[in-house]
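Everything below concerns the one structure shown next.
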Amino acid sequence: MSTRTELPKTYDFKQTEARWYEYWESNGYFSADASSTAPPFVIVMPPPNVTGSLHMGHMLNNTVHDVIVRRKRMQGYNTLWLPGTDHAGIATQNVVERMLREEGLSRHDLGREKFVERVWEWKREYGDLITRQLRRIGASCDWSRERFTLDEGLSRAVREVFVRLYDEGLIYRGERLINWCPRCRTALSDLEVEHVGVEGKLYHIRYPVHGGDRDSVEIATTRPETMLGDTALAIHPEDERYSGLERATSTLPLIGRELAFIRDEIVDREFGTGVVKVTPAHDPNDFAMGERHRLPRVSVIDEDGRITEQGGPYAGMDRFEARKKILDDLEEEGQLVRVVQHPHKVGHCSRCRTIVEPLLSTQWFVKIKPLADEAILAVEQGRTRFIPQNWEKTYFNWMRNIRDWCISRQLWWGHRIPAWYCGACGEITVSRTDPSSCGHCDSTDLRQDEDVLDTWFSSQLWPFSTMGWPDETEDLRAFYPTQLLITASDIIFFWVARMMMAGLKFTQDVPFSEIYITGLIRDAERQKLSKSKGNVGDPLLVCDEYGTDAVRFTLARLGAPGSDLVLTEDQLESYRAFATKIWNAARFTLNHVEESHALPTEEQLRAMDLSLADRWILSRLHRTVREVNEALDQYFLHEASRGIYRFFWREFCDWYLEMAKLHPEKSRPVLIYVFESALRLLHPFMPFITEELWQRFPHEGESIVTAAYPETEGEFIDETVEGQTALIHEIIVKVRNIRSEMNVDFKQFVPLRLAVGDAAVGSMLEQNADYVCRLARVDKFEVAQALSGEKAAAQAVALGVALEVPLRGVIDLDAERARLSKEMEKTRHEIDGLERKLGNNKFLERAPAAVVEENRHRLEEYRAKEARLEEGLGRLD
RNA sequence: GGGCGGUUAGCUCAGUUGGAAGAGCAUUCGGUUUACACCCGAAAGGUCACAAGUUCGAGCCUUGUACCGCCCACCA
């Protein structure tokens, strides 16, 4: 009979974590089988940017994924977690351009083709950093199905979608006022503009008036440089202050352009002077007014953020330089009336933080309303459900006020727009494959659109493009639609909403039935993590310090749905300690297990003559299994992990192992069974240590990854056993309490006499006296009928048991008296409250009988306690 | 300007059908007791932001107030 290999004294998580992932992956445990008959459980990973390295937000998100996915896999679902990365147009292009700049080159020096090849090289070299990091944290994805948004298949899906939407008139090309980043030199969607509060100034400028009741009007603007493009002045239709300007005109200072006065509802009479300069080519409001009043649009700022030829003397200047100069010139001409502080919000490029310029530009757009309507309906009908539910309000609010989506980007890295312009007839040909001739006039003089698509245009197709759509592949049939999407709230609009629209449009189905929105990680100062704040940190360094399992457990423990979470070292330390605790408990347990010992079945356990402690821990285990499963069914990872922690440490280690030490050999089957079950229960949260230990326990199967997740019908749950054990624990705690309060030396054994009213309880206690003797260091255990008169501290214990521990050692009588008096005060306060409650007829009439009964019972207990305290106090005199 | 969330023990946070206020860390006291000092045992610590309301009963439901955070929005 060989003994099992002894565990090292301390848990070396680095060694353990390095070992198992490759074993799992190479054995194909994470691969889904499209031909399986088991019910599918499918999640697609939100594809991280190829430029990215793992940050704590990813780690949270992927931990939540992995806990849910691993459990489903263990429950026997045909589980697919599909991973991949996003080409991240602007971000990636920026990275490679920065590298080129260090070589003294720009992308234009290389030319489009060579530049794109350079980006691919970069991607091949560095792009899989994040996928390696995901393996490090244990993410159990199916790498055989890994995808990249620029893969051949996904690119085909992008073209298919573009062509279909174009053919239906849902994609169009037109000149609109768009958000332009002068640094990235590309158009941006509304979502890619971040409005940041700035301490700006409001400049009041005098414009001369001709043919009215006054010589001039005063306008207020935060952007004086745009005045170069003014084509009108606007006043609210009912603003009587300016009724004398009906036929008047104005002259634009510095430039001399004649401006008409227009009347428009959009003008706020309360703001500034009530007169607004109108610059249709550089302001969204003014653009709208320009449309209504057929005003000319004069573009005075170009794609580099410089003043155009239209800007007269300021042509060629940078927009902010021009602002200064214009203010100087106005000042000189005496037209700058005053300047006031004006905090307001300014749009910045979310990629590079440059101030965005609204420009008139010809771009491609998606006519989004018809798609949004379907997506709204689907959530209203509950076909897709948000968790927590209140996120649907955010979704609805955005969807219901949605505006057309500018999808063209002036970049080189991305899906090139499949549109060709004919040199002969000027018409546009949009095509799935590169056309050889114009679709309108057969000319071969074709030039493809230079622009690429917004990155999100391809990621919106992710749930089905990754599975081979538009082909009807085996994977698509087996795994689409998916069950669950897990992501943070910051990409609900960018990604989630658009996947809903695309899924409904192209697959006639919602892409996922549930959307779980995780909280955001914040630092100790409660700030959101962001690169610009420099507080992101590398989670892998944290994993190196505390162990991946501990970090995962911490994230699961803190991440209640809907609440943001703050990671602290304290938390990480405590869950690292949890891993160590498990390791040590295993060391103890395995000391009693030999190679030949088998994992007992539940039938075998039921047939055994088990001790109270054994039956108790089986009951607690099964109760925990039930709680954990109920919690995980609702994605309450915080409750599930708390339950496991409580069970393993507070119940299994603190109580059961100590009780089992009385007869470890006899308890062995239960020890093995409970430990092995607990490992499986914990595995989704702490995959590495659980595999390491599970392999050393008697077990069935190759890996804990594919072992069954614990389930229970509750057959081992035993209220009586739990009640009896609770009483024994309570007695032990009370004796320890008395020993501690009275400074009884730890090594010293004490006699204990219990006064028990109920004979059955008395005999139960006598049968289980060993537990009390061992754990409370009692040498003489006696169950008596009444309290003796000798001088002793009497303590109240629930269930009508009183106990006496004769005093030994030195007692501080005053301290003891103070303690008992305080206890007495609290007790009397409780009694008062309960008496008042039970004296209230309305309470007796309207509260459920069980509640009334419970309160009566409690009152009796408190009265008994009061009597004992009184007696105890009396003895101290 | 709208919307959402938060305010519970010194700190970070749980608390789902309204029915005796919880955890981890920190604190105090005592301990090496045949797995563990990343440990064991015992204890202390709360007008659940404030106000009003509904209810026999409110941390939980309603309304309002204050402060904090996030998101959206065309007040120049």
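Just so it is clear, the values below take in all heavy atoms, side chains as well, and ignore hydrogens, waters and symmetry mates. Please read these numbers as outputs of a predicted model, since none were measured by experiment. Quick note on labels: first sequence line is chain A, next is B, and so on, each numbered from 1.
Comparing the P positions of B:rC36 and B:rC40 gives an interatomic distance of 12 Å, to the nearest angstrom. B:rC13 and B:rU54 have their P atoms separated by 35 Å, given to the nearest Å. One C1' atom belongs to B:rC70, the other to B:rU27, and the distance between them is 34 Å to the nearest Å. Going from the C1' atom of B:rG46 to that of B:rA23 covers 14 Å, rounded to whole Å. Between the P atoms of B:rU65 and B:rG22, the separation comes to 34 Å (whole Å).
At a threshold of 4.0 angstrom between heavy atoms, the contacts of A:Glu270 with the nucleic acid are absent. Nucleic acid contact for A:Ile219: none, since no nucleic acid atom lies under 4.0 Å from a heavy atom of the residue.
One atom, CD1 of A:Ile644, and another, P of B:rA23, lie 19 Å apart when rounded to the nearest Å. At whole-Å resolution of the value, CZ in A:Arg777 and P in B:rU33 are 8 Å apart.
The base of B:rC36 lies close enough to the side chain of A:Lys581 for a donor and an acceptor atom to sit less than 3.5 Å apart. Below the 3.5 angstrom threshold, one finds a donor paired with an acceptor across the side chain of A:Asn285 and the base of B:rC74. Checked by distance alone, A:Lys734 brings no side-chain donor or acceptor within 3.5 Å of a matching partner on the base of B:rA42. With hydrogens and angles left out, the side chain of A:Arg736 and the base of B:rA42 share no donor-acceptor pair within 3.5 Å. Not a single donor-acceptor pair, N or O on each side, falls under 3.5 Å between the base of B:rU33 and the side chain of A:Arg739. For A:Glu658 against B:rA35, a side-chain N or O and a base N or O form a donor-acceptor pair under 3.5 Å.
Neither OP1 nor OP2 of B:rG3 sits under 4.0 Å from any side-chain N or O of A:Lys393. The phosphate of B:rA43 has OP1 or OP2 within less than 4.0 Å of a side-chain N or O from A:Asn737. Contact annotation: A:Lys747 side-chain N/O to B:rG31 OP1/OP2 distance is not under 4.0 Å. Between B:rC40 and A:Trp649, a contact under 4.0 Å exists linking OP1 or OP2 to a side-chain N or O.
No donor-acceptor distance shorter than 3.5 angstrom exists from the side chain of A:Arg736 to the backbone of A:Ala776, with no hydrogens or angles considered.
Defined by atom type and a distance below 3.5 Å, a donor-acceptor pair is missing between the side-chain atoms of A:Tyr645 and A:Arg557. Side-chain N/O atoms of A:Glu627 and A:Thr624 include no donor and acceptor closer than 3.5 Å.
Geometric assessment of A:Arg400 against the ring of A:Phe396 yields a positive cation-pi assignment under the 6.0 Å and 45° thresholds.
Taking the side chain of A:Ser740 as heavy atoms from C-beta on, and the options B:rA42, B:rA76, B:rC38, the nearest nucleotide is B:rA42.
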